[in-house]
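Data block below; observations after.
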Amino acid sequence: MKELPKTYDPKQVEKKIYDMWMKGGYFHAERDPEKKPFTIVIPPPNVTGQLHLGHAFDETLQDVLIRYKRMQGYSALWVPGVDHAGIATQIKVEEKLRGEGLTRFDLGREKFLDEVWDWKNKFGDRIVEQLKTLGCSCDWDRERFTMDEVCAKAVREVFVNLYEKGLIYKGKRIINWCPHCTTALSDAEVEYTEKPGHFWHIRYPLSDGSGEVIVATTRPETMLGDTGVAVNPNDERYTHLVGKTCILPLVNREIPIVADEYVDMEFGTGCVKMTPCHDPNDFEVGLRHDLEQVLVLDGEAKIINGGKYNGLDRYEARKAIVKDLEDGGYLVKVEEHAHNVGTCYRCHSDVEPIASDQWFVKMQPLAKEAIRVVEDGEVKFVPDRFSKIYLNWMYNVRDWCISRQLWWGHQIPAWYCADCGHTTVSREDAAVCEKCGSSNIERDPDVLDTWFSSALWPFSTLGWPEKTPDLEYFYPTDVLVTGYDIIFFWVARMIFSAMEQMKVPPFHTVFIHGLIRDPQGKKMSKSAGNGVDPIEMIDRFGADALRFNIITGNSPGNDMRFYVERCEAMRNFANKIWNATRFVMMNLTIDKNELPEKLELEDKWILSKLNTLIKEVTENLDKYELGIAAEKIYSFIWDSYCDWYIELTKPRLNGDDQDAKLGAQKVLLYVLTETLTLLHPFMPFITEEIWQALPHEGEVLMIQKYPEYSEKLAYPAEEENFETVMAAIRAVRARRAEMNVPPSKKAKLIIETDKTDIFESGRAYLSKLAYASDVEVTKETPENLDGLVTVVTDEAKMYMPLAELVDIAKEIERIEKELKKANDELARVQNKLANENFVSRAPEAVVAAERDKADKANALIENLEETLKALK
RNA sequence: GGAGGCUUAGCUCAGCUGGUCAGAGCGCAUGCUUCACACGCAUGAGGUCGGCGGUUCGAGCCCGCCAGUCUCCACCA
């Protein structure tokens with residue numbers, strides 16, 4: 001027999017086991033017509049990213065689900081892959097270039113893209129390798145990249161398809177512009193944070209010299225782009241001014257005063273400066289009143305078209321302009337004013353609203369189906385509350401700006417004709433204008449939003465638009481697992497994209513989880529330096545421990561704090577399993593896993609508990625209650641199997657009765673194997689390692705059948721009977737602990753009970769677990785209780801001769817106390833049972849349970865009273 | 001402005017459709033060189049489940065109000 005070390009060392013195991021799985025091809029999902037498919041696509045992490053705890057959480061949940069389904073006999077496919085992550089990746093490469101004193105423009109598009117591909121090839125495998133250390137059972141044969149050929153084809157198809165349907169258009173709108181990333185962003189990519197600011201009141205003199213209007217603004221520098229002043233048409237203070245013009249200070253431009261409902265009379269001065277090119281509302285007002293559009297900020301947010309201010313950064317310009325206004329007597333007053341500023345979700349620079357020509361996806365028609373499938377329950381969110389968040393967003397969704405002024409990404413398949421001005425949008429790269437045939441065409445330099453390609457992920461990864469066998473078999477996918485923070489970015493867009501292209505929802509369930517935070521509840525981030533590296537955790541405690549830590553102690557959709565100590569606790573759990581196995585193996589003389597014909601009471605107890613566990617765990621997993629399932633297995637292994645059952649088998653294993661010995665071994669092995677199988681999706685490495693060492697049939701645990709509830713192994717009566725023995729043992733231990741009797745001090749144990757057979761059969765382990773030198777089971781009360789310590793339960797009265805420790809007076813006092821407690825309990829229960837309403841309206845089982853409680857309390861009281869009488 | 005979450009033992013959190021639901025881990029106390037494990041074993045202390053009302057035979061669990069806290073959406077210049 002193999003000698004196992006005393007402590008489990010994941011490092012010796014995990015890599016070896018993973019390699020074995022890989023070699024065996026167990027991650028690969030076959031299109032098996034005999035099986036039902038179960039598919040998950042991974043939320044593709046950034047190709048050059050590193051695994052953080054958020055990933056670890058996400059991937060662990062998916063791995064548990066996929067392993068569970070695989071073991072249940074599904075053809076379980078987990079499609080892995082990575083995302084090209086347009087902005088994020090481009091920024092990283094540009095930073096690297098900056099270190100060399102270069103910009104992307106120095107290289108030019110082609111060379112720059114070569115650089116990015118190099119970067120991708122250099123770091124692209126890192127996160128994949130990290131996923132493997134976590135134990136992810138992805139089908140690596142099907143790994144995809146959002147920029148590979150298959151995905152590119154899907155992107156091209158969808159773009160052209162939507163364009164042809166009029167659902168993609170190009171237009172001049174106010175978009176969110178990041179001056180640092182120098183690209184447009186979608187609404188979803190802007191994060192708002194409240195920042196302190198000022199509210200400047202500025203005097204705009206009327207052109208006719210008859211007075212002035214005072215406007216209030218938080219962005220004085222944008223006045224360079226002002227082409228009007230708006231007031232509310234119902235604002236009597238200003239009606240006489242509508243139609244007049246005023247002079248824009250510093251610029252000396254004559255601009256009209258217009259009336260528009262948009263203006264809030266209550267706010268500020270009621271006069272609003274209109275900057276159509278740099279404010280979304282002003283843009284709309286400008287269109288309605290035909291105001292001129294003057295762009296005063298360039299892509300880096302430096303002033304243009306602003307005379308002497310040209311070239312100034314927006315913040316410098318603000319200072320200069322405020323000073324000049326003040327010097328010129330135009331500044332009326334300045335107020336403190338906190339307001340929300342949009343920032344780039346990637347670089348956190350202030351986002352600039354700028355009028356710009358961009359490509360958009362028209363959302364209203366697409367949102368319709370995306371709303372319907374969730375409202376109709378074709379796509380369910382777990383927990384359900386996230387469907388409200390999703391729907392609310394979808395109801396109010398605005399057109400999606402999809403063009404990005406980047407180089408890294410899917411370049412937009414649009415060619416502009418220099419001759420006729422026509423735009424050719426095409427699945428194949430265009431050589432000539434489709435309208436006039438001119439070859440004088442130029443491709444749009446912009447690329448698509450990264451999320452445009454991830455939106456197609458559930459079907460592009462399976463080969464769409466080709467009708468591949470994979471697509472046929474594995475689509476639609478089943479569950480999408482992700483954090484609530486990317487519902488809008490990704491989940492929503494996958495749903496409407498799939499509905500438009502596939503006419504079928506991409507998945508039936510969206511399983512949402514929360515964020516992992518630091519012990520203070522703060523978001524983990526690189527800049528705050530409070531991030532915990534999952535790889536380090538795996539290194540220190542093992543992947544299984546990390547996984548178990550992440551799975552337990554939280555509930556679906558809620559954030560959780562990460563405690564290293566919890567990893568330690570889970571490492572201890574792994575060690576516990578390891579040692580339980582050591583125990584079983586060092587007593588093992590059989591090489592086949594089968595139950596014995598004769599089962600002892602304690603065997604039936606543990607088998608029945610196991611059976612219940614199987615039922616509950618399966619139910620919990622089916623309801624996505626992974627944490628609850630995991631905790632139940634934990635407590636079964638630790639509390640039931642290790643703390644009780646193993647101890648119970650020791651007398652048999654160490655005894656001379658060969659049949660009993662074998663019986664105990666068999667049950668030990670059976671229960672251990674079943675439990676390992678149950679636990680495998682959560683702790684794949686240690687369970688596989690142990691399973692391999694135990695007698696088994698089949699190649700690997702990871703494809704064994706998941707345990708199923710069996711009517712044959714339900715022993716409710718025996719379970720209950722054994723619990724009464726346990727209660728007796730606990731009572732004795734508690735009594736001894738109370739009196740500070742060390743385990744080494746044994747005492748005879750006399751058990752007076754009506755259920756002699758139950759206690760009789762447990763004689764051996766009773767003596768062990770209750771530290772008895774000898775056990776006597778009887779129906780008779782001992783004649784003389786002098787010098788006996790008494791322990792009373794509802795099923796037994798027990799006596800231990802520990803004369804030197806016994807103080808009769810104290811004994812009596814204690815029993816009277818217990819008696820009072822029992823009486824209180826009885827009164828409570830009887831009171832309940834006396835309630836007509838309760839008895840008639842509560843479910844039968846509940847009433848029966850109460851009656852049972854009453855019976856037990858009665859029995860206990862009776863026992864206590866008898867003992868008390870005897871003592872006196 | 002709108003929506004939602006959270007408030008349960010010293011700490012961090014579980015508690016599924018209202019009836020063993022008052023729990024877990026860590027921490028704490030006491031005692032254990034018990035032949036798998038001190039990354040352990042046994043025993044124990046500790047909570048009027050944020051507050052106030054209501055529904056119900058029965059409420060951490062449902063409803064309303066209040067307080068604290070966090071988040072998301074919208075974004076009045």
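The sequence lines fix the lettering, A, B, ..., with proteins before strands; numbering per chain opens at 1. Excluded from the calculations below are hydrogen atoms, water molecules and symmetry mates; all remaining heavy atoms, backbone and side chain alike, are included.
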Where the chi angle of G60(B) falls, syn if within 90° of 0 and anti if not: syn

Output field: ring centroids Phe199(A)/His201(A) closer than 6.0 Å: yes

Selection from A14(B), U43(B), C73(B) that lies nearest to any side-chain heavy atom of Glu631(A): A14(B)

G15(B) to C61(B) separation - C1' atoms, rounded to the nearest Å: 9 Å

Closest to the Asp264(A) side chain, choosing from G19(B), C73(B), A77(B): A77(B)

Nearest listed nucleotide, side chain of Asn572(A), among G40(B), U43(B), U30(B): G40(B)

Nucleotide nearest Ile628(A) (side chain, heavy atoms from C-beta), chosen from A14(B), C13(B), U56(B): A14(B)

N or O in side chain of His337(A) less than 4.0 angstrom from A77(B) OP1/OP2: yes

Whether Trp578(A) and Tyr8(A) hold their rings parallel, tilted or perpendicular, with breakpoints at 30° and 60°: tilted

Phosphate-side-chain proximity, Thr7(A) and C39(B), N/O vs OP1/OP2 below 4.0 Å: no

RNA chain B: stems of at least 3 consecutive Watson-Crick or G-U pairs whose donor-acceptor distances fall under 3.5 Å: B:1-7 with B:67-73, B:10-13 with B:23-26, B:28-32 with B:40-44, B:50-54 with B:62-66

Value in whole Å for how far the P atom of A24(B) lies from CD1 of Ile637(A): 17 Å

Nucleotide nearest Phe199(A) (side chain, heavy atoms from C-beta), chosen from A77(B), G25(B), C57(B): A77(B)

Sole residue of Phe381(A), Phe488(A), Phe489(A) in ring pair (Phe, Tyr, Trp, His ring centres under 6.0 Å) with Tyr390(A): Phe381(A)

Any Trp638(A) side-chain nitrogen or oxygen under 4.0 Å from OP1 or OP2 of G25(B): no

Detail all sub-3.5 Å separations between protein N/O atoms and N/O atoms belonging to nucleotides 32-36 of chain B.
residue : atom : partner   : partner atom : Å
A36(B)  : OP1  : Lys650(A) : NZ           : 3.1
A36(B)  : O2'  : Asn579(A) : OD1          : 2.6
A36(B)  : O2'  : Arg582(A) : NH1          : 2.7
A36(B)  : N7   : Lys650(A) : NZ           : 3.4
A36(B)  : N6   : Cys642(A) : O            : 3.0
A36(B)  : N6   : Glu647(A) : OE2          : 3.2
A36(B)  : N3   : Asn579(A) : O            : 3.1
A36(B)  : N3   : Ala580(A) : N            : 3.3

Phosphate-side-chain proximity, Arg841(A) and U56(B), N/O vs OP1/OP2 below 4.0 Å: no

Test: Glu221(A) and Arg314(A) ion pair at under 4.0 Å: no

Per Phe838(A) side chain, nearest of listed nucleotides C13(B), A77(B), G19(B): G19(B)

Minimum-distance nucleotide (side-chain atoms of Asn558(A) versus G5(B), A74(B), C57(B)): G5(B)

C37(B) base / Asn575(A) side chain donor-acceptor hit below 3.5 Å: no

Counterpart residues, salt bridge (charged side-chain N to carboxylate O under 4.0 Å, His left out), relative to Lys650(A) (two or more places apart): Glu647(A)

Arg733(A) side chain near U43(B) phosphate (N/O to OP1/OP2, under 4.0 Å): yes

Sugar-phosphate only, base, or nothing, as touched by Arg398(A) at under 4.0 Å among non-hydrogen atoms: sugar-phosphate

